[in-house]
Q: 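Before I ask anything, let me first share the structure, which is written out below as structure tokens.
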Amino acid sequence: MKGKRAAGKKAFVLSILFGAAVSLVVYFVALALAARLVLSGAVGEDRLIILMCAAAFIAAFAGGMSAVLRYRFRALLTALAAALAFFVALYILGFILYDDLSLGKYGLFILAAALIGGAVSGLSARSVRVGKKHKISQKRLKKT
């Protein structure tokens, strides 16, 4: 029994780490596209925080969905944990690059966007339930 529980915890943690890694890749790709839009003049610099929050939302959604697809139990918890791990990894990366441990001006907005993206992915994955097919019982077939 303990072996199954330990294997379940290991799969849970690995799915969260995988989701955080996917989120980081998607976030940096989205930020590169946002930088391209700002440099081309299509979007003003004053709209950059909106692009950053949208990138965090999309990244957390993608990471949460990938984490839930790897670990199908407790979808909302798994997706939220992946989103939180994504933000913590982003925070640690910012500390390594800038030697500052503050959230900055817009850190809480990015955290909120990431958590909302994780929650949306967890709730939408819960409603889909891939792999479960309902069989019609023989009694129901006889009634019709």
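Below, each value reflects all heavy atoms present in this structure, side chains not excepted, and no hydrogens, waters or symmetry copies.
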Q: With a 4.5 Å heavy-atom cut-off, do Leu48 and Tyr106 have their side chains touching?
A: no
Q: Using side-chain contact (heavy atoms from CB on, under 4.5 Å), reason through Val43 and Ile50 one step at a time and then give a plain yes or no.
A: CA-CA 10 Å; Val43 177; Ile50 296 171; over 6 Å; no
Q: Which pair of heavy atoms, one from Ile16 and one from Ala81, lies closest together, and at what distance?
A: CD1-CB, 3.4 Å
Q: Using 0.5 Å steps for rounding, measure from the CG atom of Leu69 to the OG atom of Ser121.
A: 9.5 Å
Q: Determine the minimum heavy-atom distance between Gly63 and Ser23, stating which atoms define it.
A: CA-OG, 3.1 Å
Q: Taking all heavy atoms of Phe109 and all of Cys53, pick out the closest pair and write down the distance.
A: CB-SG, 3.7 Å
Q: What closest approach, in Å, do Ala82 and Gly64 show between heavy atoms, and which atom pair accounts for it?
A: CB-CA, 4.4 Å
Q: Verify side-chain contact (heavy atoms from CB on, under 4.5 Å) between Leu111 and Tyr91, making sure each step is shown before the conclusion.
A: CA-CA 10 Å; Leu111 173 63; Tyr91 192 63; over 6 Å; no
Q: Roughly how far, to the nearest 0.5 Å, is the CZ atom of Phe12 from the CG atom of Leu17?
A: 10.5 Å
Q: Once you round to the nearest 0.5 Å, how far does OH of Tyr98 lie from CG of Leu93?
A: 8.5 Å
Q: Are Phe87 and Phe95 connected, step by step, through hydrophobic side chains (Ile, Leu, Val, Met, Phe, Trp, Tyr) whose heavy atoms are closer than 4.5 Å?
A: yes
Q: Would you name the heavy atoms of Ala83 and Ala60 that are closest together and state the gap between them?
A: CB-CB, 4.1 Å
Q: Examine Phe28 and Leu39 and state if one hydrophobic cluster contains both, with Ile, Leu, Val, Met, Phe, Trp and Tyr joined whenever side-chain heavy atoms are less than 4.5 Å apart.
A: no
Q: Roughly how far, to the nearest 0.5 Å, is the CZ atom of Phe18 from the OG1 atom of Thr78?
A: 13.5 Å
Q: Could you state the interatomic distance from CG (Leu80) to CG (Leu123), rounded to the nearest 0.5 Å?
A: 8.0 Å
Q: Go through the structure and list residues passing side chain to side chain contact (heavy atoms under 4.5 Å, CB included) with Val26, not counting sequence neighbours.
A: Val22, Ile58, Ala59, Ala62
Q: Enter the distance from Leu31:CG to Arg36:CZ here, rounded to the nearest 0.5 Å.
A: 15.5 Å
Q: Atom CZ of residue position Phe73 - does it have more than 12 heavy atoms of other residues, nucleotides or ligands inside 6.0 Å?
A: no
Q: Quick check: closest heavy atoms across Ala56 and Ile110, and the distance to 0.1 Å?
A: CB-CG2, 3.8 Å
Q: Under 4.5 Å between side-chain heavy atoms, hopping through other hydrophobics if needed: is there a path connecting Val68 to Leu14?
A: no
Q: Here's a test for you: under side-chain contact (heavy atoms from CB on, under 4.5 Å), which of Val88, Leu90, Leu84 qualifies with Phe86?
A: Leu90
Q: Does the side chain of Ser124 come within less than 4.5 Å of Phe61's, by heavy atoms?
A: yes
